[in-house]
Number of protein chains: 2
Amino acid sequence: MSLRYALLGLLAEEPASGYDLTKKFERVLQRYAWHAQHSQIYPELSRMAADGLITVAEEGARGRRTYAITDAGRDDLRRWMVNPPDAIVVRNEFVLRLFLLATLDPAEARRLLEWTADINAKQLEELRASVAAFDAAADPAAGLPMQRLVAEFGLRSFQVLSEWTEWAIERIDPPQE
Amino acid sequence: MSLRYALLGLLAEEPASGYDLTKKFERVLQRYAWHAQHSQIYPELSRMAADGLITVAEEGARGRRTYAITDAGRDDLRRWMVNPPDAIVVRNEFVLRLFLLATLDPAEARRLLEWTADINAKQLEELRASVAAFDAAADPAAGLPMQRLVAEFGLRSFQVLSEWTEWAIERIDPPQE
DNA sequence: AATAACATGTAACGCGTTACATGATTAC
DNA sequence: GTAATCATGTAACGCGTTACATGTTATT
(Lines give C-alpha, C1' and ligand atoms only; values in the text may rest on other atoms or scores of the structure.)
Protein backbone atom coordinates (compact mmCIF):
# COMPACT_ATOMS: atom_id res chain seq x y z
CA MET A 1 0.00 0.00 0.00
CA SER A 2 2.97 2.34 0.29
CA LEU A 3 2.87 3.09 -3.43
CA ARG A 4 -0.64 4.46 -3.03
CA TYR A 5 0.46 6.83 -0.26
CA ALA A 6 3.61 7.89 -2.07
CA LEU A 7 1.40 8.91 -5.01
CA LEU A 8 -1.16 10.59 -2.79
CA GLY A 9 1.62 12.50 -1.03
CA LEU A 10 3.04 13.79 -4.30
CA LEU A 11 -0.44 14.76 -5.49
CA ALA A 12 -1.06 16.57 -2.20
CA GLU A 13 1.69 19.01 -3.19
CA GLU A 14 0.39 19.62 -6.69
CA PRO A 15 -1.70 17.97 -9.42
CA ALA A 16 0.29 15.75 -11.76
CA SER A 17 -0.07 13.15 -14.50
CA GLY A 18 1.13 9.55 -14.35
CA TYR A 19 4.02 10.62 -16.50
CA ASP A 20 4.99 13.43 -14.10
CA LEU A 21 4.76 11.11 -11.12
CA THR A 22 6.94 8.52 -12.83
CA LYS A 23 9.63 11.18 -13.33
CA LYS A 24 9.41 12.29 -9.71
CA PHE A 25 9.94 8.75 -8.55
CA GLU A 26 13.02 8.45 -10.74
CA ARG A 27 14.50 11.78 -9.78
CA VAL A 28 13.80 11.87 -6.08
CA LEU A 29 12.10 9.04 -4.24
CA GLN A 30 14.00 6.12 -5.76
CA ARG A 31 17.29 6.88 -4.02
CA TYR A 32 15.88 7.41 -0.56
CA ALA A 33 12.37 6.24 -0.03
CA TRP A 34 10.42 4.31 -2.66
CA HIS A 35 10.50 3.12 -6.21
CA ALA A 36 7.89 2.45 -8.89
CA GLN A 37 7.73 2.34 -12.68
CA HIS A 38 5.05 3.67 -14.96
CA SER A 39 3.65 0.16 -15.44
CA GLN A 40 2.74 0.12 -11.78
CA ILE A 41 1.81 3.78 -11.44
CA TYR A 42 -0.83 4.03 -14.19
CA PRO A 43 -3.03 1.15 -12.99
CA GLU A 44 -2.70 2.34 -9.37
CA LEU A 45 -3.86 5.85 -10.36
CA SER A 46 -6.93 4.29 -12.03
CA ARG A 47 -7.74 2.36 -8.86
CA MET A 48 -7.23 5.45 -6.70
CA ALA A 49 -9.59 7.41 -8.95
CA ALA A 50 -12.14 4.59 -8.72
CA ASP A 51 -11.80 4.75 -4.93
CA GLY A 52 -12.44 8.50 -4.96
CA LEU A 53 -9.02 9.50 -3.57
CA ILE A 54 -8.06 11.46 -6.68
CA THR A 55 -9.88 12.92 -9.69
CA VAL A 56 -8.96 13.83 -13.24
CA ALA A 57 -8.47 17.59 -13.03
CA GLU A 58 -7.54 18.19 -16.63
CA GLU A 59 -7.12 16.35 -19.92
CA GLY A 60 -4.34 17.59 -22.15
CA ALA A 61 -2.54 16.75 -25.37
CA ARG A 62 -1.40 13.19 -26.15
CA GLY A 63 -4.00 11.73 -23.81
CA ARG A 64 -2.40 13.38 -20.81
CA ARG A 65 -4.55 13.17 -17.69
CA THR A 66 -3.67 15.40 -14.77
CA TYR A 67 -4.90 14.08 -11.43
CA ALA A 68 -5.69 16.09 -8.31
CA ILE A 69 -6.13 14.81 -4.77
CA THR A 70 -9.65 14.91 -3.27
CA ASP A 71 -10.67 15.64 0.31
CA ALA A 72 -11.17 11.90 0.84
CA GLY A 73 -7.63 11.41 -0.49
CA ARG A 74 -6.21 13.96 1.94
CA ASP A 75 -8.01 12.27 4.82
CA ASP A 76 -6.68 8.88 3.83
CA LEU A 77 -3.13 10.21 3.45
CA ARG A 78 -3.23 11.97 6.81
CA ARG A 79 -4.43 8.79 8.50
CA TRP A 80 -1.54 6.85 6.99
CA MET A 81 1.03 9.51 7.90
CA VAL A 82 0.11 9.68 11.57
CA ASN A 83 -0.14 5.89 12.00
CA PRO A 84 3.35 4.60 11.34
CA PRO A 85 4.01 0.87 11.84
CA ASP A 86 6.06 -0.08 14.88
CA ALA A 87 8.71 -2.07 13.03
CA ILE A 88 11.05 -0.42 10.56
CA VAL A 89 11.43 -2.51 7.41
CA VAL A 90 14.01 -1.52 4.85
CA ARG A 91 15.02 -2.96 1.51
CA ASN A 92 18.33 -1.64 0.35
CA GLU A 93 20.49 -3.83 -1.84
CA PHE A 94 23.37 -1.48 -1.38
CA VAL A 95 23.37 -1.74 2.42
CA LEU A 96 22.90 -5.50 2.04
CA ARG A 97 26.25 -5.61 0.27
CA LEU A 98 27.81 -3.72 3.17
CA PHE A 99 26.48 -6.34 5.57
CA LEU A 100 28.02 -9.10 3.51
CA LEU A 101 31.36 -7.32 3.11
CA ALA A 102 33.02 -9.94 5.32
CA THR A 103 32.47 -12.55 2.62
CA LEU A 104 34.95 -10.79 0.33
CA ASP A 105 38.69 -10.81 0.74
CA PRO A 106 40.18 -7.49 1.93
CA ALA A 107 41.28 -6.28 -1.50
CA GLU A 108 37.85 -6.85 -3.00
CA ALA A 109 36.08 -5.37 0.01
CA ARG A 110 38.25 -2.32 -0.38
CA ARG A 111 37.33 -1.99 -4.04
CA LEU A 112 33.63 -2.23 -3.20
CA LEU A 113 34.00 0.48 -0.57
CA GLU A 114 35.83 2.69 -3.01
CA TRP A 115 33.05 2.25 -5.54
CA THR A 116 30.57 3.15 -2.80
CA ALA A 117 32.51 6.26 -1.84
CA ASP A 118 32.57 7.27 -5.47
CA ILE A 119 28.91 7.15 -6.34
CA ASN A 120 28.08 8.61 -2.95
CA ALA A 121 30.37 11.59 -3.54
CA LYS A 122 28.62 12.28 -6.84
CA GLN A 123 25.19 12.20 -5.27
CA LEU A 124 26.30 14.40 -2.39
CA GLU A 125 27.63 16.98 -4.83
CA GLU A 126 24.37 17.04 -6.79
CA LEU A 127 22.29 17.49 -3.68
CA ARG A 128 24.65 20.15 -2.30
CA ALA A 129 24.35 22.16 -5.48
CA SER A 130 20.56 22.05 -5.53
CA VAL A 131 20.32 22.92 -1.82
CA ALA A 132 22.72 25.83 -2.28
CA ALA A 133 20.61 27.15 -5.16
CA PHE A 134 17.49 26.81 -3.05
CA ASP A 135 19.04 28.56 -0.03
CA ALA A 136 20.29 31.43 -2.17
CA ALA A 137 16.79 32.05 -3.50
CA ALA A 138 14.97 31.57 -0.17
CA ASP A 139 13.74 34.35 2.07
CA PRO A 140 15.96 34.21 5.17
CA ALA A 141 13.20 35.70 7.33
CA ALA A 142 10.74 32.87 6.63
CA GLY A 143 11.08 29.51 8.39
CA LEU A 144 12.56 26.57 6.56
CA PRO A 145 9.97 24.73 4.49
CA MET A 146 9.58 20.98 5.08
CA GLN A 147 11.28 20.14 1.82
CA ARG A 148 14.38 21.91 3.02
CA LEU A 149 14.31 19.90 6.24
CA VAL A 150 14.23 16.65 4.28
CA ALA A 151 17.04 17.82 2.00
CA GLU A 152 19.08 18.42 5.12
CA PHE A 153 18.48 14.82 6.12
CA GLY A 154 19.74 13.75 2.69
CA LEU A 155 22.87 15.89 3.04
CA ARG A 156 23.66 14.51 6.46
CA SER A 157 23.06 10.93 5.35
CA PHE A 158 25.42 11.26 2.41
CA GLN A 159 27.94 12.95 4.64
CA VAL A 160 27.90 10.03 7.07
CA LEU A 161 28.28 7.44 4.36
CA SER A 162 31.17 9.41 2.93
CA GLU A 163 32.97 9.67 6.27
CA TRP A 164 32.28 6.06 7.12
CA THR A 165 33.61 4.64 3.84
CA GLU A 166 36.81 6.64 4.32
CA TRP A 167 37.11 5.37 7.88
CA ALA A 168 36.39 1.77 6.85
CA ILE A 169 38.83 1.76 3.93
CA GLU A 170 41.61 2.84 6.28
CA ARG A 171 40.82 -0.08 8.56
CA ILE A 172 40.78 -2.82 5.98
CA ASP A 173 43.72 -5.14 6.21
CA PRO A 174 46.14 -4.45 3.36
CA PRO A 175 46.60 -0.78 4.32
CA GLN A 176 47.94 0.09 0.88
CA GLU A 177 48.87 -1.56 -2.38
CA MET B 1 17.26 -12.15 -6.50
CA SER B 2 18.52 -10.20 -3.48
CA LEU B 3 16.93 -12.67 -1.08
CA ARG B 4 19.04 -15.44 -2.55
CA TYR B 5 22.24 -13.47 -1.99
CA ALA B 6 21.25 -12.35 1.47
CA LEU B 7 20.82 -16.03 2.38
CA LEU B 8 24.03 -17.06 0.65
CA GLY B 9 25.88 -14.30 2.49
CA LEU B 10 24.62 -15.43 5.87
CA LEU B 11 25.48 -19.04 5.03
CA ALA B 12 28.97 -17.95 3.95
CA GLU B 13 29.62 -16.96 7.57
CA GLU B 14 28.34 -20.20 9.07
CA PRO B 15 25.93 -23.06 8.33
CA ALA B 16 22.38 -22.44 9.46
CA SER B 17 18.85 -23.76 9.18
CA GLY B 18 15.87 -21.95 7.67
CA TYR B 19 14.76 -21.25 11.20
CA ASP B 20 18.12 -19.70 12.14
CA LEU B 21 18.12 -17.58 9.00
CA THR B 22 14.59 -16.35 9.68
CA LYS B 23 15.74 -15.16 13.12
CA LYS B 24 18.79 -13.43 11.68
CA PHE B 25 16.60 -11.53 9.25
CA GLU B 26 14.36 -10.38 12.09
CA ARG B 27 17.16 -9.42 14.43
CA VAL B 28 19.57 -7.77 12.05
CA LEU B 29 18.87 -7.35 8.37
CA GLN B 30 15.27 -6.15 8.57
CA ARG B 31 16.10 -2.74 10.03
CA TYR B 32 18.89 -1.88 7.65
CA ALA B 33 19.12 -4.01 4.58
CA TRP B 34 16.55 -6.65 3.69
CA HIS B 35 13.50 -8.45 4.96
CA ALA B 36 12.03 -11.90 4.47
CA GLN B 37 9.74 -14.25 6.38
CA HIS B 38 10.04 -17.98 6.83
CA SER B 39 7.38 -18.56 4.16
CA GLN B 40 9.73 -17.07 1.62
CA ILE B 41 12.96 -18.40 3.06
CA TYR B 42 12.16 -22.14 3.13
CA PRO B 43 11.18 -22.48 -0.54
CA GLU B 44 14.14 -20.35 -1.60
CA LEU B 45 16.53 -22.61 0.34
CA SER B 46 15.07 -25.62 -1.51
CA ARG B 47 15.64 -23.92 -4.85
CA MET B 48 19.19 -22.92 -3.88
CA ALA B 49 19.93 -26.53 -2.88
CA ALA B 50 18.48 -27.72 -6.20
CA ASP B 51 20.77 -25.23 -7.97
CA GLY B 52 23.79 -26.59 -6.08
CA LEU B 53 24.58 -23.35 -4.22
CA ILE B 54 24.04 -24.89 -0.80
CA THR B 55 23.81 -28.41 0.62
CA VAL B 56 22.20 -30.02 3.64
CA ALA B 57 25.11 -30.35 6.03
CA GLU B 58 23.22 -31.90 8.91
CA GLU B 59 19.77 -33.14 9.84
CA GLY B 60 18.78 -32.61 13.46
CA ALA B 61 15.84 -32.93 15.77
CA ARG B 62 12.36 -31.74 14.76
CA GLY B 63 13.17 -32.03 11.07
CA ARG B 64 15.85 -29.38 11.36
CA ARG B 65 18.02 -29.12 8.26
CA THR B 66 21.27 -27.21 8.53
CA TYR B 67 22.51 -25.88 5.21
CA ALA B 68 26.09 -25.06 4.25
CA ILE B 69 27.29 -23.01 1.31
CA THR B 70 29.07 -24.85 -1.52
CA ASP B 71 31.99 -23.64 -3.64
CA ALA B 72 29.55 -22.88 -6.45
CA GLY B 73 27.55 -20.85 -3.93
CA ARG B 74 30.63 -18.86 -2.90
CA ASP B 75 31.44 -18.14 -6.53
CA ASP B 76 27.94 -16.96 -7.23
CA LEU B 77 27.89 -14.77 -4.13
CA ARG B 78 31.26 -13.22 -4.95
CA ARG B 79 30.10 -12.44 -8.48
CA TRP B 80 27.03 -10.66 -7.10
CA MET B 81 29.01 -8.74 -4.48
CA VAL B 82 31.52 -7.29 -6.91
CA ASN B 83 28.92 -6.38 -9.55
CA PRO B 84 26.71 -3.79 -7.89
CA PRO B 85 23.97 -2.16 -9.99
CA ASP B 86 24.58 1.45 -10.97
CA ALA B 87 21.33 2.85 -9.60
CA ILE B 88 20.60 2.79 -5.90
CA VAL B 89 17.03 1.68 -5.22
CA VAL B 90 15.67 1.91 -1.73
CA ARG B 91 12.34 1.00 -0.17
CA ASN B 92 11.89 2.57 3.20
CA GLU B 93 8.39 3.42 4.35
CA PHE B 94 9.80 5.40 7.21
CA VAL B 95 11.85 7.73 5.00
CA LEU B 96 8.85 7.97 2.68
CA ARG B 97 6.92 9.53 5.57
CA LEU B 98 9.73 12.04 6.04
CA PHE B 99 9.44 13.03 2.39
CA LEU B 100 5.73 13.60 2.78
CA LEU B 101 6.08 15.53 6.04
CA ALA B 102 5.00 18.70 4.26
CA THR B 103 1.51 17.27 3.84
CA LEU B 104 0.93 17.41 7.61
CA ASP B 105 0.26 20.55 9.60
CA PRO B 106 3.18 21.65 11.81
CA ALA B 107 1.81 20.19 15.04
CA GLU B 108 1.28 16.78 13.47
CA ALA B 109 4.63 16.87 11.69
CA ARG B 110 6.23 17.62 15.01
CA ARG B 111 4.54 14.66 16.63
CA LEU B 112 5.70 12.35 13.86
CA LEU B 113 9.27 13.59 14.29
CA GLU B 114 9.08 13.05 18.01
CA TRP B 115 7.91 9.49 17.45
CA THR B 116 10.81 9.01 15.04
CA ALA B 117 13.32 10.38 17.52
CA ASP B 118 11.93 8.04 20.12
CA ILE B 119 12.19 4.73 18.33
CA ASN B 120 15.51 5.78 16.90
CA ALA B 121 16.91 6.52 20.35
CA LYS B 122 15.89 3.05 21.50
CA GLN B 123 17.56 1.36 18.56
CA LEU B 124 20.70 3.43 18.98
CA GLU B 125 20.93 2.39 22.63
CA GLU B 126 20.57 -1.30 21.78
CA LEU B 127 23.25 -1.12 19.13
CA ARG B 128 25.57 0.91 21.38
CA ALA B 129 25.28 -1.70 24.11
CA SER B 130 26.05 -4.59 21.81
CA VAL B 131 28.98 -2.78 20.22
CA ALA B 132 30.37 -1.88 23.63
CA ALA B 133 30.17 -5.53 24.70
CA PHE B 134 31.89 -6.57 21.50
CA ASP B 135 34.68 -4.00 21.86
CA ALA B 136 35.31 -4.98 25.48
CA ALA B 137 35.82 -8.60 24.46
CA ALA B 138 37.86 -7.89 21.32
CA ASP B 139 41.62 -8.13 21.04
CA PRO B 140 42.84 -4.53 20.68
CA ALA B 141 45.91 -5.70 18.74
CA ALA B 142 43.89 -7.35 15.95
CA GLY B 143 42.30 -5.26 13.21
CA LEU B 144 38.59 -4.53 13.30
CA PRO B 145 36.55 -7.33 11.75
CA MET B 146 34.14 -6.42 8.96
CA GLN B 147 31.14 -6.88 11.22
CA ARG B 148 32.49 -4.19 13.49
CA LEU B 149 32.88 -1.86 10.52
CA VAL B 150 29.25 -2.35 9.57
CA ALA B 151 28.11 -1.83 13.16
CA GLU B 152 29.96 1.47 13.07
CA PHE B 153 27.93 2.43 10.01
CA GLY B 154 24.77 1.60 11.96
CA LEU B 155 25.89 3.71 14.92
CA ARG B 156 26.67 6.68 12.74
CA SER B 157 23.40 6.37 10.83
CA PHE B 158 21.35 6.35 14.01
CA GLN B 159 23.39 9.25 15.32
CA VAL B 160 22.60 11.30 12.23
CA LEU B 161 18.91 10.57 12.38
CA SER B 162 18.89 11.50 16.04
CA GLU B 163 20.65 14.82 15.48
CA TRP B 164 18.53 15.60 12.45
CA THR B 165 15.19 14.99 14.16
CA GLU B 166 16.25 17.29 17.00
CA TRP B 167 17.33 19.94 14.49
CA ALA B 168 14.12 19.59 12.47
CA ILE B 169 11.81 19.70 15.49
CA GLU B 170 13.36 23.02 16.52
CA ARG B 171 12.66 24.43 13.09
CA ILE B 172 9.02 23.47 12.80
CA ASP B 173 6.66 26.39 13.05
CA PRO B 174 4.95 26.40 16.44
CA PRO B 175 8.22 26.47 18.40
CA GLN B 176 6.50 25.26 21.56
CA GLU B 177 3.04 24.41 22.84
C1' DA C 1 0.11 -30.92 32.03
C1' DA C 2 0.68 -26.74 29.83
C1' DT C 3 3.21 -23.36 27.51
C1' DA C 4 6.83 -21.52 24.86
C1' DA C 5 10.07 -22.13 21.53
C1' DC C 6 11.74 -24.89 17.80
C1' DA C 7 11.00 -26.24 13.09
C1' DT C 8 9.03 -26.67 8.50
C1' DG C 9 5.66 -26.30 4.73
C1' DT C 10 2.33 -24.29 1.34
C1' DA C 11 -1.81 -21.86 -0.93
C1' DA C 12 -3.86 -17.56 -2.15
C1' DC C 13 -3.34 -13.21 -3.11
C1' DG C 14 -1.16 -8.76 -3.83
C1' DC C 15 2.90 -6.05 -5.17
C1' DG C 16 6.73 -5.13 -8.46
C1' DT C 17 9.54 -5.87 -12.84
C1' DT C 18 10.24 -6.77 -17.56
C1' DA C 19 8.75 -6.62 -21.94
C1' DC C 20 5.65 -5.69 -25.42
C1' DA C 21 2.69 -2.21 -27.67
C1' DT C 22 1.07 2.18 -29.49
C1' DG C 23 0.67 6.81 -30.74
C1' DA C 24 1.25 12.26 -30.41
C1' DT C 25 4.09 16.34 -30.18
C1' DT C 26 8.30 18.99 -30.17
C1' DA C 27 12.91 20.27 -31.53
C1' DC C 28 16.39 20.06 -34.87
C1' DG D 1 11.82 14.07 -41.91
C1' DT D 2 13.63 12.05 -37.99
C1' DA D 3 14.87 11.62 -33.41
C1' DA D 4 13.77 12.66 -28.74
C1' DT D 5 10.45 13.23 -25.51
C1' DC D 6 5.85 13.04 -24.01
C1' DA D 7 2.18 9.99 -22.73
C1' DT D 8 -0.41 5.83 -21.67
C1' DG D 9 -1.59 0.89 -21.38
C1' DT D 10 -1.24 -4.14 -20.32
C1' DA D 11 0.29 -9.22 -20.09
C1' DA D 12 3.34 -12.48 -18.05
C1' DC D 13 6.04 -13.60 -14.65
C1' DG D 14 8.51 -13.36 -10.32
C1' DC D 15 8.85 -11.64 -5.57
C1' DG D 16 6.70 -10.85 -0.97
C1' DT D 17 2.86 -11.13 2.62
C1' DT D 18 -0.77 -13.22 5.05
C1' DA D 19 -2.91 -17.01 6.64
C1' DC D 20 -3.50 -21.69 7.22
C1' DA D 21 -1.40 -26.07 8.71
C1' DT D 22 1.29 -29.42 11.38
C1' DG D 23 4.28 -31.56 14.52
C1' DT D 24 8.47 -31.79 18.10
C1' DT D 25 11.23 -30.63 22.11
C1' DA D 26 12.35 -28.08 26.25
C1' DT D 27 10.92 -25.63 30.25
C1' DT D 28 8.09 -24.85 34.22
Side-chain angles (χ1 to χ4, degrees), chain A residues 1-8 10-11 15-27 29-31 33-51 54-67 80 85-93 96, chain B residues 1-8 10-11 15-27 29-31 33-51 54-67 80 85-93 96:
Chain A
M1 282 283 89
S2 292
L3 171 61
R4 171 163 291 206
Y5 295 104
L7 293 170
L8 267 184
L10 294 177
L11 289 173
S17 68
Y19 188 84
D20 298 336
L21 293 164
T22 302
K23 294 291 160 190
K24 285 200 185 189
F25 267 83
E26 279 169 17
R27 277 197 292 260
L29 290 185
Q30 183 174 227
R31 282 191 191 79
W34 210 259
H35 180 53
Q37 277 132 309
H38 80 272
S39 59
Q40 208 185 348
I41 290 173
Y42 287 112
E44 183 62 26
L45 288 172
S46 298
R47 281 190 292 270
M48 288 161 73
D51 292 347
I54 58 179
T55 46
V56 177
E58 197 191 320
E59 310 221 14
R62 286 171 284 196
R64 177 188 171 92
R65 244 165 298 130
T66 304
Y67 290 96
W80 181 81
D86 38 60
I88 290 186
V89 175
V90 173
R91 274 176 220 280
N92 187 335
E93 203 187 289
L96 179 57
Chain B
M1 282 282 89
S2 292
L3 171 61
R4 171 164 291 206
Y5 295 104
L7 292 170
L8 267 184
L10 294 178
L11 289 174
S17 68
Y19 188 85
D20 297 337
L21 293 164
T22 303
K23 294 291 161 190
K24 285 201 186 189
F25 267 83
E26 279 170 17
R27 277 196 292 260
L29 291 184
Q30 180 173 221
R31 282 191 190 79
W34 210 260
H35 180 52
Q37 277 133 308
H38 80 271
S39 59
Q40 209 185 347
I41 290 173
Y42 287 112
E44 184 62 27
L45 288 172
S46 298
R47 281 189 293 269
M48 288 161 72
D51 291 347
I54 59 178
T55 46
V56 177
E58 198 192 320
E59 310 222 13
R62 284 171 286 198
R64 177 188 171 92
R65 244 165 299 132
T66 304
Y67 290 95
W80 181 82
D86 38 61
I88 291 187
V89 174
V90 173
R91 275 177 218 280
N92 188 333
E93 201 185 292
L96 179 57

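Computed from a prediction, not measured in an experiment: that's the story for all the values here. Worth knowing before you read on, the calculation uses all heavy atoms, side chains too, and leaves out hydrogens, waters and symmetry mates. Convention: sequence-line order gives letters A, B, ...; per-chain numbering from 1.
Projected onto DNA chain C by closest heavy-atom contact, B:Val89 and B:Gly18 fall at different nucleotides, the more 5' of which corresponds to B:Gly18. Mapped onto DNA chain C by nearest heavy atom, A:Ser39 and B:Lys23 fall at different nucleotides, with B:Lys23 at the one closer to the 5' end. Comparing A:Pro43 and A:Arg62 by the nucleotide of DNA chain D whose heavy atom lies nearest to each, the residue mapping closer to the 5' end is A:Arg62.
First and last contacts of DNA chain C with chain B, using any nucleotide atom under 4.0 Å from a protein heavy atom and ordered 5' to 3', fall at C:dC6 to C:dT17.
Here B:Arg4 lies out of heavy-atom contact (under 4.0 Å) with every strand. Looking at heavy-atom distances under 4.0 Å, B:Arg91 makes contact with sugar-phosphate atoms alone, never a base. Base contact: A:His38 has a heavy atom under 4.0 Å from a base atom.
In this entry the distance linking CD1 of A:Ile41 with C1' of D:dA7 reads 13 Å, nearest Å. Taking atom OH of B:Tyr42 as the reference point, atom C1' of D:dT22 lies 13 Å away to the nearest angstrom.
In this structure, A:Arg65 contributes its side chain and A:Gly60 its backbone to no donor-acceptor pair below 3.5 Å. Judged by distance alone, the side chain of A:Asp51 and the main-chain N or O of A:Met48 form no donor-acceptor pair under 3.5 Å. Judged purely by atom type and a 3.5 angstrom limit, B:Gln30 uses its side chain to pair as donor or acceptor with the backbone of B:Glu26.
Considering every non-hydrogen atom in both B:Arg4 and B:Glu44, the closest pair reads NE-OE2, 2.8 Å.
In summary, B:Arg64 and B:Glu59 do not engage in a salt bridge, as defined by a charged side-chain N under 4.0 Å from a carboxylate O.
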CA sep, side-chain torsions, deciding dist, call: B:Thr22, B:Gln37, side chain to side chain contact (heavy atoms under 4.5 Å, CB included)
CA-CA 6 Å; B:Thr22 303; B:Gln37 277 133 308; 5.9 Å; no

